[in-house]
Amino acid sequence: MSVKAGRAAKVSFCLAKADDINDNLATVSAKTYLHIGATRGKTKTSSWTTADVTTSDSPQYNQQSIVTFKEKTLSVDGIAYDDAAYNLKDLGKAIDFPDPVNQGGEPYLWIKYETPLEGTRYIFGLATNWERGEPYDNGGTYSFEFMIMNELEGA
């Protein structure tokens, strides 16, 4: 068994509109993605929300639940270099000031997420948080959170 270092995962993005949620893999993989550089932590989560359906007749008085929806997120953080090659200025602009034409004025993005564990995934969703830190006595940082609304398995 081998362990993969987190630094091997790569994250890129391109602008999207709400209607792009149903794009097929061929369309999505052909888009031009900007590499998000200087990343450190990358965390993808998936959890199901549930509804309580317990009744007085539940077996052995155990709580019973049904699943309702799956909630998925991607969180990325890194060091805030100012080099244009890292595309942090473009990412921040796409989240803080979504393009009215290419994003419909809302922070929708396609994320290309490449990991040794899962391979390439194309993730559609909404950027829900953007943070830049400029500590006095340390390197600048950035982070963003992304609500996943659709995910396609790539090649």
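Every value quoted in this text rests on a predicted model; they were computed, and no experiment measured them. The figures that follow rest on heavy atoms only: side chains count, while hydrogens, waters and symmetry mates do not.
Residues Asp20 and Tyr108 fail the side-chain proximity criterion, which asks for heavy atoms closer than 4.5 Å. With a 4.5 Å cut-off on side-chain heavy atoms, Ile123 and Lys72 do not count as touching. Between Trp130 and Arg132, some side-chain heavy-atom pair lies under the 4.5 Å cut-off. A heavy-atom distance below 4.5 Å is found between the side chains of Trp110 and Leu152.
Ion pairing between a basic and an acidic side chain is recognised when a charged N comes within 4.0 Å of a carboxylate O; Lys70 and Glu151 show no such pairing.
Grouping the Ile, Leu, Val, Met, Phe, Trp and Tyr side chains by contacts below 4.5 angstrom, directly or via other members, places Leu15 with Val76.
Nearest heavy atoms, Gln103 versus Pro98: OE1-CA, 3.2 Å. Thr68 approaches Thr50 most closely through the heavy-atom pair OG1-N, 3.9 Å. Shown here for Ala38 and Tyr81, the closest heavy-atom pair between the two residues is CB-CD1, 3.4 Å. The nearest pair of heavy atoms linking Phe146 to Leu109 is CZ-O, 3.5 Å. Of all the heavy atoms in Gln64 and Asp52, the pair that sits closest is O-OD1, 3.2 Å. Of all heavy-atom pairs spanning Phe13 and Asp90, the tightest one is CZ-C, 3.9 Å.
Remark: the Asp57 side chain and the Thr55 side chain contain no N/O donor-acceptor pair separated by less than 3.5 Å. In this structure, a donor-acceptor pair under 3.5 Å is present between the side chains of Thr45 and Thr73.
The closest donor-acceptor contact from the side chain of Lys17 to the backbone of Glu106 lies at 3.5 Å or more, if one exists at all.
Taking the six-membered ring where the residue is Trp, Tyr33 and Tyr122 present tilted rings, their angle falling between 30° and 60°.
For CD of Glu118, the number of neighbouring non-hydrogen atoms (other residues, nucleotides, ligands) closer than 6.0 Å is greater than 12. Heavy atoms from other residues, nucleotides or ligands lying under 6.0 Å from NZ of Lys10 number 12 at most.
Distance check, rounded to the nearest 0.5 Å: CG of Leu117 to NZ of Lys44 gives 9.0 Å. Taking NZ of Lys112 as the reference point, atom NE2 of His35 lies at 11.5 Å (rounded to 0.5 Å). One distance of note links OG1 of Thr115 with CZ of Arg121; it measures 7.5 Å at 0.5 Å rounding.
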message: Test side-chain contact (heavy atoms from CB on, under 4.5 Å) on Leu34 and Leu91; report intermediate values, then the result.
response: CA-CA 9 Å; Leu34 296 176; Leu91 177 63; over 6 Å; no
